[in-house]
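Here's the structure we're looking at; comments come further down.
When a ligand or atom number is given, it counts from 1 through the structure's own listing order. These figures come from a predicted structure and were not determined experimentally. One-based numbering along the sequence shown.
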Amino acid sequence: MRHTATSSMREVNDDVLKERMQQNEKWGLQRHDYPYWRAILVEEVGEVAQAIQHGSVASKETDADDLYTELIHVAAVASAIAEQVKEEAQ
Ligand SMILES: [Mg+2]
């Protein structure tokens, strides 16, 4: 079976790659121990949760509200961790 990347898949993955490059520009190449990565990833997942509850009775003024952007952040942090896992396996 041949799988084809949809235009949405390409756009999302392009946005993740752009975010990864921006992270490297901002922070340099990040390599951390896994508990520290967990803290970064969970913070971003928390921002996804905030964006999902945006506008509900549970939301507050300081919550993240851009669901797409926060999902890209989660994927970009996961990508950075996966890069490190791959490098360590080599
Ligand atoms: Mg974020």
Side-chain angles (χ1 to χ4, degrees):
M1 180 194 276
R2 184 163 176 260
H3 299 280
T4 305
T6 65
S7 60
S8 290
M9 290 165 71
R10 291 183 194 285
E11 287 170 30
V12 167
N13 280 277
D14 281 352
D15 287 342
V16 172
L17 186 57
K18 281 183 207 153
E19 176 63 23
R20 279 293 298 117
M21 292 187 290
Q22 286 172 1
Q23 289 173 347
N24 280 2
E25 280 172 28
K26 185 173 182 182
W27 306 106
L29 185 64
Q30 295 186 91
R31 292 297 176 258
H32 303 301
D33 59 32
Y34 291 108
Y36 192 76
W37 272 128
R38 178 183 56 208
I40 295 169
L41 184 62
V42 168
E43 181 187 352
E44 293 300 343
V45 170
E47 289 173 350
V48 167
Q50 290 174 357
I52 288 172
Q53 74 181 8
H54 182 71
S56 77
V57 294
S59 70
K60 54 189 188 308
E61 199 66 33
T62 55
D63 281 352
D65 61 0
D66 185 334
L67 179 58
Y68 182 80
T69 297
E70 297 308 335
L71 288 166
I72 296 299
H73 291 171
V74 168
V77 170
S79 292
I81 300 168
E83 291 160 29
Q84 181 174 325
V85 168
K86 262 204 173 292
E87 287 168 11
E88 289 177 357
Q90 288 169 355

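Lys26 NZ to Gln23 CD: the interatomic distance, rounded to the nearest 0.5 Å, is 9.0 Å. To the nearest 0.5 angstrom, Asn24 atom CG is 10.0 Å from Glu19 atom CD.
Neighbours of the Mg ion (ligand 1) restricted to protein N, O or S atoms under 2.8 Å: the count is 4.
Atom OH of Tyr36 has 12 or fewer neighbouring heavy atoms from other residues, nucleotides or ligands inside a 6.0 Å radius.
In terms of heavy atoms, Asp15 sits closest to Tyr68 at OD2-OH, 2.6 Å.
Asp63 contributes a side-chain N or O that, together with a main-chain N or O of Lys60, makes up a donor-acceptor pair within less than 3.5 Å.
Within the 4.5 Å cutoff, the side chain of Glu83 has heavy atoms near those of the Arg31 side chain.
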